2 protein chains.
Amino acid sequence: MTSPRDDDPQGEPDGQEGRPRRGAQGPEAAGHRAHGASIRDVARLAGLSPGTASRVLSGSSYPVSDDARQRVEEAARALNYVTNSAARALVTGRSEIVGAIVHDITDPFFSGVVRGLQDAAVADGLVVLVGNDDRDAGKLEGYLTMLLSQKPTGVVLIGGQLRDPAATLPVAQAVQRLRDQGVPVVAVGRYELDIPHVTVDDVAAAECAVSHLVALGHRRIAFLGGPLNSTTVQDRYAGYSAALTHVGAPVDERLVIQTPLTLEGGSQAIARLIAAEAPFTAIFAATDEVAFGAISALRERGCRIPLDVSVVGFDDVVMAAHSDPPLTTIHVPARALGLAAWHLIARDESGAGAAPGASHLPFELVVRASTAPPSEVFKHEHAITVGGAGGEPAASPSESLTWTAGLDKPNGE
Amino acid sequence: MTSPRDDDPQGEPDGQEGRPRRGAQGPEAAGHRAHGASIRDVARLAGLSPGTASRVLSGSSYPVSDDARQRVEEAARALNYVTNSAARALVTGRSEIVGAIVHDITDPFFSGVVRGLQDAAVADGLVVLVGNDDRDAGKLEGYLTMLLSQKPTGVVLIGGQLRDPAATLPVAQAVQRLRDQGVPVVAVGRYELDIPHVTVDDVAAAECAVSHLVALGHRRIAFLGGPLNSTTVQDRYAGYSAALTHVGAPVDERLVIQTPLTLEGGSQAIARLIAAEAPFTAIFAATDEVAFGAISALRERGCRIPLDVSVVGFDDVVMAAHSDPPLTTIHVPARALGLAAWHLIARDESGAGAAPGASHLPFELVVRASTAPPSEVFKHEHAITVGGAGGEPAASPSESLTWTAGLDKPNGE
DNA sequence: TTGAAAGCGGTACCAT
DNA sequence: ATGGTACCGCTTTCAA
């Protein structure tokens, strides 16, 4: 086979037909490497050059005659041509991928954000890589590094971040490396590291939620969620604290329970709250999940919601409207946040300059049946048995209040 | 001729330090193409050839001296080298990406499966692309095509499939195209199209769940979930039907409500079920979500669970243990399924041959408090007010039964 | 065991 | 408007 002509050292045939590849239709795909048609195959069939074919197929704005365009498109269809994105990414230095990192895709709020991001990105022809960091800076950094090698169009960090300078440094460096490669990094709901981000005004929202309890007459309100050095939790705690301070009710440290933002976390928090032996008539949970967990634990102890204890959540996941009782909570537009994150990236990519430091989406207090005025009978700990006439649960269908303050602050902090 | 080294008009200084790259702080507009170090840079710094560097960096099994290996690794570290996966994918014809398609990542069961897949894939150094198809064959096909251009290491289809030959054909073709490129396609919980898959024995599990209700004395049991031509729903229906038939209780068509597998779907189903005016004492929901939705709608109508109506779900999502009442359901190992899907792909990739047609993971009936014997007082429709002494709710902590039948059938159908 | 060089499949620059 | 072609960064023969 190797018949080296004079100037053909490697005996590389290749002339113009000798490609050892599969031509369009390999009925007998005996070999294991069955590549599809390449852009050169398309060009050849269309009787044009690869350059022209590329200009058509890549949707370039470069001028191409209608005739050529049509022939290329037809040839591509005939050959079942599919762009090799690795090749494209190699030459353009950018892949049509956007990376998303959540703490845990299993969390209903995060999956909602991811869904919004996916819908937006897919509409623009990109795909979304999803990774979990379990709120671990090390995992986050590792994932960012994996993303670096993909040269994605953008990266979205979803969810709050722990304020831990030591752990944050490597993350900051990984983010910087991405940026050095021209990859925009944005966030949903966090604002450390100078990352442009979209979020809801957590402080105001939490204050709004707790003010609702205060308005109902509650003063001894517990805060469930942690850790407190998480940007998200910290802000919600700040709002909680503000609402209380506002009416001259100091925060009772014993009512602040730091617990993971999960169902389990919520349940465990109740045990600790009760062990603290500090009376309370209401609970503000940093997350709906925590609220559900708390409610379930409360109920196990014979406590009735909202007769004995009122509960407010945060996020308004779908389940909130279907739980027992339906949960009063802060509606956060999860999907819209994901969508907005994509816009942040797209704006950056389109050369419209880097995104602003922060932008806010409106939240809403949705009053359902888990909150009511405190009952007259004072109660705490296991002694919760009789609830007294605690007043009517909120009217249903749920009322809702949209909070417009702080909306669309383009560069707020 | 045309040595790729000399005449370098595109401004590639190249000396040994002159790369216009970052020096920890990119002075902003220094240039738009800030590439990282390439493998050639690493090789040069190590005083070796790119080939050798590649053999070290790509974890090739090719023999390399310890000395060389060490120098390459050090150089890579010094330069902060990160592999360009596009380049690697281009030459190897395979990217280190696995594609996952779910109906909706927002569904807690699917996100659990995805999480398992991610954990397994990430452990092997791959990343996961996640897309949603909303149970729409068109979207599914579109996503498969996008994946085709990525040349992923494997593709996982998650969730049941609608048995609709017309809509299925394009999907089958897209799957075939993937396979033609050597991309293994596997599934979690579906078994159409000859796709190797892992799942739980839905028929047996549903039969187990409904048998539990039957054993409690229920005969008029409603089935909630649809559409019935979904592989998953069909199987669960089959199990439901079998359990009933087994005790000589024929299926009452009026008690079979086809409804989307969502919270809303569950709620709406109740309205229709009641409108059907057929008495029932228990409900078997094809999904926990449906069960939650149903319970919420039932409660709105003043119906007590399980006093007036018993409810069984399917999946055992985390919430099932925290709902009111805690839900009796079939535990499906979501994460394990995702993990198993990855093993199916990995086995294929490792040349161990294509995966078997089907493999089953064990399920478990978890009895919690949403089921009890039917009350003596007969009731239906809005007349549900008095429940009578319906017997004790199931003991808590929940009992659980592991179903070992049909376990690990390597090639079962 | 290492080096040299040929591409993988696109894209984009430079002529034409 | 099109064609020719030099790369992108990496892996992988083939030679040494």
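Below, chains carry the letters A, B, ... as their sequence lines are ordered, and counting in each starts from 1. Here the structure is a predicted model, which means the values were calculated and not measured.
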Between CZ of A:Arg94 and C1' of D:dC8 the distance, given in whole Å, is 13 Å
Check whether any side-chain nitrogen or oxygen of B:Ser65 sits under 4.0 Å from OP1 or OP2 of C:dT2, and answer yes or no. yes
On the side chain of A:Arg88, is there an atom forming a donor-acceptor pair with the base of C:dG9 - under 3.5 Å, no angle test? no
Classify A:Val82 by what it touches in the nucleic acid, base, sugar-phosphate, or nothing, heavy-atom distance under 4.0 Å. sugar-phosphate
Polar side chain donor-acceptor pair, A:Trp342 to A:Asp124, under 3.5 angstrom: yes
Using a cut-off of 4.0 Å on non-hydrogen atoms, how would the nucleic acid contact of B:Ala68 be classed: base, sugar-phosphate, or nothing? sugar-phosphate
Look at the side chain of A:Ser49 and decide which nucleotide, out of D:dT2, C:dG10, D:dC10, has an atom nearest to it. D:dT2
Between B:Ser38 and D:dG9, does any side-chain N or O lie under 4.0 Å from OP1 or OP2? no
Roughly, in whole Å, what's the span from CZ in A:Arg69 to C1' in D:dT2? 13 Å
So which one's nearest nucleotide on DNA chain C is more toward 5', A:Tyr81 or B:Asp67? B:Asp67
Please name the residue in the list A:Asp134, A:Asn132, A:Asp133, A:Asp136 that meets the side chain to side chain donor-acceptor pair (under 3.5 Å) test with A:His103. A:Asp133
How long is the line joining NZ of A:Lys151 and P of D:dC8, in whole Å? 13 Å
Interatomic distance where CZ belongs to A:Arg55 and P belongs to D:dA1 [whole Å]: 10 Å
Rounded to whole angstroms, how far apart are CG on B:Leu90 and P on C:dA6? 17 Å
Given C:dT11, C:dT2, D:dC10, identify the nucleotide with an atom nearest to the side chain of A:Val91. C:dT11
Quick one: does any side-chain atom of B:Ser85 pair with a main-chain N or O of B:Ser95 as donor and acceptor, under 3.5 Å? no
Any A:Tyr62 side-chain N or O less than 4.0 Å from OP1/OP2 of D:dG3: no
Of B:Pro63 and A:Pro50, the one whose closest nucleotide on DNA chain C sits nearer the 5' end is B:Pro63
Determine the contact category for B:Ser58: base if any of its heavy atoms lies under 4.0 Å from a base atom, sugar-phosphate if only primed atoms, P, OP1 or OP2 are that close, otherwise nothing. sugar-phosphate
Considering the options A:Val91, A:Thr92, A:Leu90, A:Ile97, which one meets the side-chain contact (heavy atoms from CB on, under 4.5 Å) requirement together with A:Arg94? A:Thr92
Interatomic distance where CD belongs to B:Gln70 and C1' belongs to C:dT1 [whole Å]: 17 Å
d(CD1, B:Ile39; C1', C:dA5) in whole Å: 15 Å
Between the side chains of A:Arg44 and A:Asp41, is the shortest nitrogen-to-carboxylate-oxygen separation below 4.0 Å, so that they form an ion pair? yes
To the nearest angstrom, how far is B:Glu96 atom CD from D:dC10 atom C1'? 12 Å
Between A:Arg179 and A:Asp194, is there a salt bridge with N-O shorter than 4.0 Å? no
So which nucleotide from C:dT2, D:dC10, C:dT11 ends up closest to the side chain of A:Ser54? C:dT11
With a 4.0 Å cut-off on heavy atoms, is B:Thr52 in touch with a base, just the backbone sugar-phosphate, or nothing at all? sugar-phosphate
Once you apply a heavy-atom cut-off of 4.0 Å, does A:Leu48 come out as touching a base, just sugar-phosphate, or nothing? sugar-phosphate
